[in-house]
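Reading through the structure tokens given below for one structure.
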Number of protein chains: 2
Amino acid sequence: MDRTEKAIKIDNMRSLCPIANALDIVGDKWTLLVMRDVFAGKRTYGEFQASPESIPTNILADRLKRLVGYGVLQKIPYQQRPVRNTYQLTDKGHSLAPVIREILQWGTKNIAGTAANIKMDL
Amino acid sequence: MDRTEKAIKIDNMRSLCPIANALDIVGDKWTLLVMRDVFAGKRTYGEFQASPESIPTNILADRLKRLVGYGVLQKIPYQQRPVRNTYQLTDKGHSLAPVIREILQWGTKNIAGTAANIKMDL
DNA sequence: AAATAGACTTGCAAATAAGAAGTGACTATC
DNA sequence: GATAGTCACTTCTTATTTGCAAGTCTATTT
């Protein structure tokens, strides 16, 4: 990891296993879908909401907050009056690319009727 | 994918995205932890239960049933009287190795205090 | 002044998870 | 041969999380 960046600190770790702890951050139905959208170039709340899976708005707000909290994304304003924000990848976020790439590959190969038609920076 | 194996068929797909569909199979707090154990050589219900994260027994039963249902694991008896089963990787299950490997790497690099001390066939 | 837009927040019912206890098949022990 | 023990679950109850609809807040556009 980039030495200027701090590692994520999780309290009440359920074990010392990196996989278990990673799953406590990204192991749910929506988090990696938001990350997929970020890797696909989406940046704003509205763009995430517009994705075909129709993430509930309260869940989206919660996931963005968590991802920012863990330092995987950063919230950066792109205009004042009214304030509008973008959510952008940090280095930690960027390093999730291989995880998403492998999930994409696994799904494409093993789940009938799926199509990887989004272009991503993976 | 091995051509002798059928692709997973999901009903009510939330989108055509391979990532979204893959997450509907493995995107939760426990499923990939069970898979980690399988890759670490664990085979029986009791061994999965004994892992340090203490998976609730009803959840374990549910996840094993789902994984078998999707053809990611197979339930194979290793003795009669009393019947005792093992859960073993199918080809579809085996092909999850890269996903787990990348999650393991990400967690190890980015989460403080984690240690990849289990040996896995990844 | 009223309507519109983007980014959320709130409230509540429904679904899922957690935790503890119980069951059934069989084996080993007293 | 009754009693205790093991393994692999199942059931029950409570707690937590999700999903959906509606509402709020700030600011702009008409």
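Nothing here was measured: the structure is a model prediction, and the numbers come from that model. A note on names: the letters A, B, ... follow the listed sequences, proteins ahead of strands, and every chain is numbered from 1.
- At a threshold of 4.5 Å between non-hydrogen side-chain atoms, the residues Val26(A) and Met35(A) do not count as touching.
- Between the CD atom of Glu53(B) and the P atom of dA18(C) there is a distance of 12 Å, given to the nearest Å.
- If you check the side chains of Lys75(A) and Thr86(A), you find no donor sitting under 3.5 Å from an acceptor.
- Annotation: the span from Trp30(A) atom CH2 to Arg63(A) atom CZ amounts to 9.5 Å, rounded to 0.5 Å.
- The aromatic rings of Phe39(B) and His94(B) sit perpendicular to each other, their planes meeting at more than 60°, with 30° as the lower class boundary.
- Near DNA chain D, meaning a heavy atom under 4.0 Å from it, residues 27-37 of chain A has Lys29(A), Trp30(A) in order of number.
- Rounded to an integer number of Å, the gap from CZ of Arg63(A) to C1' of dA7(C) is 18 Å.
- The interatomic distance linking Gln79(B) (CD) with dT6(D) (P) rounds to 16 Å, in whole Å.
- If you measure from atom NZ of Lys42(B) to atom C1' of dA8(D), you get 17 Å, rounded to the nearest angstrom.
- OP1 or OP2 of dT10(D) has at least one side-chain nitrogen or oxygen of Lys65(B) nearer than 4.0 Å.
- Distances from the side chain of Pro56(B) to the nucleotides dA18(C), dT10(D), dA7(C) place dA18(C) closest.
- Tyr87(A) comes within contact range of the sugar-phosphate backbone alone, with a heavy-atom separation under 4.0 Å but no base atom that close.
- Looking at Pro18(B) and Ile111(A), their side chains never come closer than 4.5 Å, going by heavy atoms from C-beta outward.
- When only modelled atom types and interatomic distance are considered, Thr114(A) and Asn21(B) share no side-chain donor-acceptor pair under 3.5 Å.
- In this structure, Leu60(B) atom CG and dT10(D) atom P are separated by 10 Å, rounded to whole Å.
- Proximity of Lys75(B) to the phosphate of dC9(D): a side-chain N or O atom is located under 4.0 Å from OP1 or OP2.
- Proximity of Arg14(A) to Leu33(B): side-chain heavy atoms (C-beta onward) are separated by under 4.5 Å at one or more points.
- Considering only side-chain atoms of Asn58(B), the nucleotide from dC8(C), dG19(C), dC9(D) that sits closest is dG19(C).
- The distance from atom CD1 of Ile59(B) to atom C1' of dA15(D) is 12 Å, rounded to the nearest whole Å.
- Inspection of the Ser15(B) and Glu53(A) side chains reveals an N or O donor paired with an N or O acceptor under 3.5 Å.
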Whether each nucleotide of nucleotides 22-30 of chain C has a protein heavy atom under 4.0 Å at its base (B), only at its sugar-phosphate (S) or at neither (-) is summarised, 5' to 3', as ----SS---

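- Using a 4.5 Å cut-off on side-chain heavy atoms (C-beta onward), Glu102(A) and Leu96(B) make no contact.
- Between the CD1 atom of Ile55(A) and the C1' atom of dT18(D) there is a distance of 11 Å, rounded to whole Å.
- Here the C1' atom of nucleotide dT10(D) and the CG atom of Asp62(B) are 12 Å apart, to the nearest Å.
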